[in-house]
Amino acid sequence: MRTLSTIAATVALGVVGVLAPAASHAAEAPSGTAPTKGPCAYTPLEDQTYSTWVGLPKDPAHTPSNGTTKVTLETNQGDIPLVLDKAAAPCTVQNFTFLTHRTYYDDTTCHRLTAYQTPPYALSVLQCGDPLGTGWGDPGYAFKDELDSAKSLPNWPGFPDGSRKVYPRGTLAMANGGPDTNGSQFFLVYRDSRLRPDYTVFGHVTEDGMRTLDKIAAGGIDPGTEGTAEDGTPRLTTTIERAKSGR
């Protein structure tokens, strides 16, 4: 569901599947499950057709919003260490660490690689976080955007109004299907990309992680039957074998 869109009038990360969605999913949310009552308001989805349910994150009244936490994506192509910024996006970091602890990302395939560089488009990212490996999967709930970090990014040249931002190389951000539809999918930027400030920035990839990301990007794109030379799946199939906190 929450996937990078194909390029239309502007580059966006929206709702379009590169591959056909899978038919099965894990346990559904218990009937009557209500949104959490804290400031993050993790809210179960009405349509959980493509959901992989592992529960809802805790939502304390005082969401931790100081310091950083580390998560390493141990992939078959090499490790990708991440640094998550609690001050920039406390609910998003809380969500990401919750899913990590629940092994949600383990044995999942990064389903999308883009390499748009023909002006006026610029989008160079690896997208991961869908257990289905299709671009349609989600954890069965959604939560709000935290866009101050995105709005503070530099303006893309020629857009002094801030309607397009530079998402710099190394950025870690959430993919979404519209306002306040964050779930589990995220993207890693391997080359400065031009985007609206509509995608929560919640950390960065370390230098060691960028070496792995560059290797994946250099492997090129497999367009399959529905993609393009600039937008498809990584030719170097990239599987998160384990997501591990604290490294």
Looking at [Y], is its backbone amide N or carbonyl O close enough to the side chain of [X] to form a donor-acceptor pair, meaning the two atoms are under 3.5 Å apart?
| X | Y | value |
| --- | --- | --- |
| Ser149 | Val201 | yes |
| Asp85 | Gly203 | no |
| Gln77 | Thr237 | yes |
| Asn95 | Gly183 | yes |
| Ser184 | Gly129 | yes |
| Thr43 | Pro35 | no |
| Asp192 | Ala122 | no |
| Glu146 | Cys91 | yes |
| Tyr116 | Ser193 | no |
| Thr72 | Lys70 | no |

Under a 4.5 Å side-chain heavy-atom rule over Ile, Leu, Val, Met, Phe, Trp and Tyr, are [X] and [Y] clustered together?
| X | Y | value |
| --- | --- | --- |
| Val205 | Ile240 | yes |
| Phe98 | Met174 | yes |
| Val189 | Leu153 | yes |

Which atom names give the shortest non-hydrogen contact between [X] and [Y], and what distance separates them?
| X | Y | answer |
| --- | --- | --- |
| Arg169 | Tyr190 | NH1-O, 2.9 Å |
| Pro60 | Gln94 | CD-OE1, 3.3 Å |
| Thr228 | Ile221 | O-CG2, 3.6 Å |
| Pro197 | Ser163 | CD-O, 3.6 Å |
| Leu73 | Ala243 | CD2-CB, 4.0 Å |
| Lys165 | Gly162 | CE-O, 3.6 Å |

Mind checking the [atom1]-[atom2] spacing from [X] to [Y]? Nearest 0.5 Å is all I need.
| X | Y | atom1 | atom2 | result |
| --- | --- | --- | --- | --- |
| Leu172 | Leu82 | CG | CG | 5.5 Å |
| Arg194 | Phe159 | CZ | CZ | 4.0 Å |
| Asp106 | Glu241 | CG | CD | 9.5 Å |
| Thr108 | Gln185 | OG1 | CD | 10.0 Å |
| Leu213 | Ser124 | CG | OG | 10.0 Å |
| Thr109 | Leu132 | OG1 | CG | 10.5 Å |

Are side-chain heavy atoms of [X] and [Y] found at a separation under 4.5 Å?
| X | Y | result |
| --- | --- | --- |
| Val83 | Thr206 | yes |
| Arg235 | Pro223 | yes |
| Phe187 | Leu195 | yes |
| Thr92 | Asn182 | no |
| Thr69 | Ser245 | no |

Quiz item: Under 3.5 Å, is there a donor-acceptor pair linking the side chains of Thr114 and Asp231?
Solution: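 On atom types as modelled, these side chains do not qualify, holding no pair under 3.5 Å.
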Quiz item: Does the side chain of Thr49 come under 3.5 Å of the side chain of Asp47 through a donor N or O and an acceptor N or O?
Solution: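 Note: Thr49 and Asp47 side chains meet the donor-acceptor criterion.
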Quiz item: Pairs in or reaching into residues 57-68: which pass side-chain hydrogen bond (donor to acceptor under 3.5 Å, both in side chains), with residues at least two apart or in two chains?
Solution: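 Listed by first then second residue: Thr36-Asp59.
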Practice problem: Look at the aromatic rings of Tyr199 and Tyr167 and report parallel, tilted or perpendicular, splitting at 30° and 60°. | Solution: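 Rings of Tyr199 and Tyr167: perpendicular, as their planes differ by over 60°.
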Practice problem: Fit a plane to each ring of Tyr141 and Trp53, take the angle between them on a 0 to 90° scale, and name the class: parallel (under 30°), tilted (30 to 60°) or perpendicular (over 60°). | Solution: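 Tyr141 and Trp53: perpendicular rings.
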Self-check item: Single hit among Tyr104, Phe143, Phe186 for ring-ring contact (aromatic ring centres under 6.0 Å, His included) with Phe96
Solution: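 Only one of Tyr104, Phe143, Phe186 forms a ring-ring contact (aromatic ring centres under 6.0 Å, His included) with Phe96, namely Phe186.
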Quiz item: Between Lys244 and Asp79, is a salt bridge (Lys or Arg N to Asp or Glu O under 4.0 Å) present by the stated rule, with each step listed?
Solution: CA-CA 10 Å; Lys244 184 176 180 180; Asp79 288 355; over 6 Å; no
Quiz item: Which pairs pass disulfide bond (SG atoms under 2.5 Å apart) with one or both residues in residues 92-156, sequence neighbours excluded?
Solution: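 For residues 92-156, and leaving out neighbouring residues, the disulfide bond (SG atoms under 2.5 Å apart) pairs sorted by first residue read Cys110-Cys128.
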Quiz item: Do other residues, nucleotides or ligands put more than 12 heavy atoms under 6.0 Å from the CG atom of Asp214?
Solution: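 Enclosed.
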